[in-house]
Visitor: 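Sharing a structure below in structure tokens format, with a few things to ask.
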Amino acid sequence: MPLLVLVLFLFSPWAEARKVVFASDPYPPFIYEEKGEAKGTAIEALEKILDIPRKDIEVRIIPWKRALKAAEQGRVDIIGPMQIDPKKDYLLFTKKVFHSEEAVWTLASSQYLSQLDWKTTEELRNHNLGYVLGYEYAEPFGTYLKSPLAKKVEVQDVIQGMRKLLSGEISLFICNTQVLEFYAKSEGIPLKTFKRVGPPIIEEFGVFGISHKARLARDLEKINARIMKLPPAAKSGLN
């Protein structure tokens, strides 16, 4: 287009009208794809806290490491849900939107492990613990999974972790409770097949990360104000 027209466009309201690009890996019930359509409580929350209609949100469901890289490069505007991580200085973090928990799971049929009520991660070191590669876990597991003494087994996603648990390739699996419940239902696996062992870990999960390079970065204060006005049911992500 002619230079004058381009300049006028860049400084017009239409230049601000592009879609907000949101990226995350599949993490139902927060974000998932069904019949080619992106769904989940994270998208529903974004409509409210960004104060824009669904049609103005472009959703990209991609591996989590790619989502982080895209946010760092400014190719996506917002990612999540996630934990606050000060080391990711290319992100601005919103206030907490979702309440969530991690837990250690085993098979209910495992007479010994299903009774395990661990108090410290030291008690888990004799057991193969599955965890999803690239995820960041609440303490004490954030530190434990970095230890060379931990018997840890990387899995690509929650489905693979559940299958390895069922096959006996791992004896324990650390997973978000809501996510495990969703996948158990979608895979037709009775939830009673699995049993949580030890205490749940309430984590600082459920914030969104906004790229410093995104237009949204300048609206963080407004976004947080809208989060604070969400009713408890909307914040929890629970039905």
Side-chain angles (χ1 to χ4, degrees), residues 21-32 40-46 49-50 59-73 76-105 121 124 129-147 150 152 154-158 161 172-183 196 198-214 216-217 220 223-224 226-228 230 232 234-238:
V21 181
F22 166 62
S24 180
D25 64 339
Y27 206 61
F30 304 103
I31 173 74
Y32 60 99
T41 51
I43 299 174
E44 294 166 9
L46 281 176
I49 67 176
L50 299 182
V59 181
R60 298 178 185 174
I61 300 179
I62 57 179
W64 183 241
K65 284 193 172 182
R66 280 178 54 194
L68 289 169
K69 191 67 176 178
E72 184 177 14
Q73 295 173 343
V76 302
D77 301 302
I78 186 167
I79 62 175
M82 63 185 302
Q83 292 188 71
I84 292 175
D85 184 351
K87 296 191 293 296
K88 294 180 174 56
D89 57 5
Y90 52 88
L91 293 174
L92 294 173
F93 295 102
T94 68
K95 290 187 178 295
K96 192 172 182 179
V97 182
F98 300 101
H99 296 287
S100 187
E101 69 173 30
E102 296 286 345
V104 179
W105 298 85
T121 52
L124 303 177
L129 174 67
Y131 73 103
V132 179
L133 178 64
Y135 282 7
E136 295 159 348
Y137 294 93
E139 295 299 341
F141 286 96
T143 298
Y144 176 69
L145 290 171
K146 296 174 184 176
S147 168
K152 53 197 176 187
E154 297 174 348
V155 299
Q156 292 300 313
D157 51 37
V158 172
L172 300 171
F173 182 42
I174 181 169
C175 182
N176 180 284
T177 297
Q178 292 161 266
V179 176
L180 183 132
E181 290 174 348
F182 182 97
Y183 275 123
R196 189 185 74 203
I201 306 156
I202 305 300
E203 59 171 346
E204 286 303 314
F205 172 93
V207 306
F208 289 104
I210 299 174
S211 170
H212 269 286
K213 297 181 179 180
L216 285 180
L220 181 61
I223 290 169
N224 282 335
R226 294 188 195 111
I227 290 173
M228 297 304 292
L230 289 177
K235 280 189 174 185
S236 71
L238 298 170

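Given the structure is predicted, the values throughout are model-derived calculations rather than measurements. Only heavy atoms go into these numbers, but all of them, side chains included; no hydrogens, no water, no symmetry mates.
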Visitor: Just how far is it from atom CZ of F141 to atom CG of L129, taken to the nearest 0.5 Å?
Guide: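 Spacing of CZ (F141) from CG (L129) equals 6.0 Å.
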
Visitor: Are the side chains of V132 and Y137 in contact, using a 4.5 Å heavy-atom criterion?
Guide: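 Yes - at least one pair of side-chain heavy atoms lies under 4.5 Å apart.
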
Visitor: With sequence neighbours left out, what residues match Y32 under ring pair (Phe, Tyr, Trp, His ring centres under 6.0 Å)?
Guide: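 With sequence neighbours excluded, Y32 shows a ring pair (Phe, Tyr, Trp, His ring centres under 6.0 Å) to F182, given in chain and number order.
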
Visitor: Show the nearest heavy-atom pair for residues W64 and P81, with the distance to one decimal.
Guide: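 Looks like CH2-O, 4.3 Å.
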
Visitor: Using modelled atom types and a 3.5 Å cut-off, is there a donor and acceptor pairing between side-chain atoms of S211 and backbone atoms of D77?
Guide: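 Answer holds: no.
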
Visitor: Please name the pair of heavy atoms, one in V97 and one in A45, separated by the smallest distance, quoted to 0.1 Å.
Guide: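 Shortest heavy-atom separation between V97 and A45 comes out as CG1-CB, 4.0 Å.
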
Visitor: So, the side chain of E102 versus the backbone of N176: is there a donor-acceptor pair under 3.5 Å, distance only?
Guide: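 Yes: the side chain of E102 pairs with the backbone of N176.
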
Visitor: Going by heavy atoms in the side chains, are I210 and I223 under 4.5 Å from each other?
Guide: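 When only atoms from C-beta onward are counted, I223 and I210 do touch, with a gap below 4.5 Å.
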
Visitor: Which atoms form the tightest heavy-atom contact between A23 and A67, and what is the distance?
Guide: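 That would be CB-CB, 4.1 Å.
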
Visitor: Would you say the side chain of T143 lies within less than 4.5 Å of the side chain of T121, judging by non-hydrogen atoms?
Guide: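 A side-chain contact under 4.5 Å is absent here.
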
Visitor: Could you tell me the separation between the NZ atom of K69 and the CD1 atom of I79, rounded to the nearest 0.5 Å?
Guide: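 It is 12.5 Å, given to the nearest 0.5 Å.
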
Visitor: Answer whether the closest heavy-atom distance between the side chains of Y183 and P26 falls below 4.5 Å.
Guide: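 Sidechains of P26 and Y183: in contact.
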
Visitor: With heavy-atom distances below 4.5 Å as the criterion, would you say the side chains of Q83 and V207 are in contact?
Guide: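 No; the side chains remain at least 4.5 Å from each other.
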
Visitor: What is the distance from atom CD of Q156 to atom CG of L133, rounded to the nearest 0.5 Å?
Guide: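 Here the rounded value is 5.5 Å.
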
Visitor: Is there side-chain contact between Y144 and K152, with heavy atoms separated by less than 4.5 Å?
Guide: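 No, every pair of side-chain atoms sits at 4.5 Å or beyond.
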
Visitor: I need the I61 CD1 to I31 CD1 distance, nearest 0.5 Å.
Guide: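 Going from CD1 on I61 over to CD1 on I31, the span is 4.0 Å.
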
Visitor: What are the two closest heavy atoms between V155 and F173, and how far apart are they?
Guide: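 Result for this residue pair: CG2-CE1, 4.0 Å.
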
Visitor: Would you compute the distance between atom CG of L180 and atom CD1 of I174 and round it to the nearest 0.5 angstrom?
Guide: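 Taking CG in L180 and CD1 in I174, the distance rounds to 12.0 Å.
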
Visitor: If I compare all heavy atoms of V76 with all of R60, which pair ends up nearest, and what's the gap?
Guide: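 Nearest pair, atom of V76 first, then R60: CG1-NH1, 3.8 Å.
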
Visitor: Only pairs at least two apart or in different chains count here, so list each side chain to side chain donor-acceptor pair (under 3.5 Å) that has a residue in residues 84-95.
Guide: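 Sorted result for residues 84-95: D85-K87, D85-K88, K88-E136.
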
Visitor: Is the ring pair Y27/F30 parallel, tilted or perpendicular, if the boundaries are 30 and 60 degrees?
Guide: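 Y27 and F30: parallel rings.
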
Visitor: If you look at every heavy atom in G209 and F93, which pair is closest and at what distance?
Guide: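 Nearest heavy atoms, G209 then F93: CA-CD2, 4.2 Å.
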
Visitor: If you round to the nearest 0.5 Å, how far is OG1 of T177 from CD of E181?
Guide: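 It is 6.5 Å, given to the nearest 0.5 Å.
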
Visitor: Only counting residues at least two apart or in another chain, list the ones meeting ring pair (Phe, Tyr, Trp, His ring centres under 6.0 Å) with Y131.
Guide: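 Y131 satisfies ring pair (Phe, Tyr, Trp, His ring centres under 6.0 Å) with no residue once adjacent residues are dropped.
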
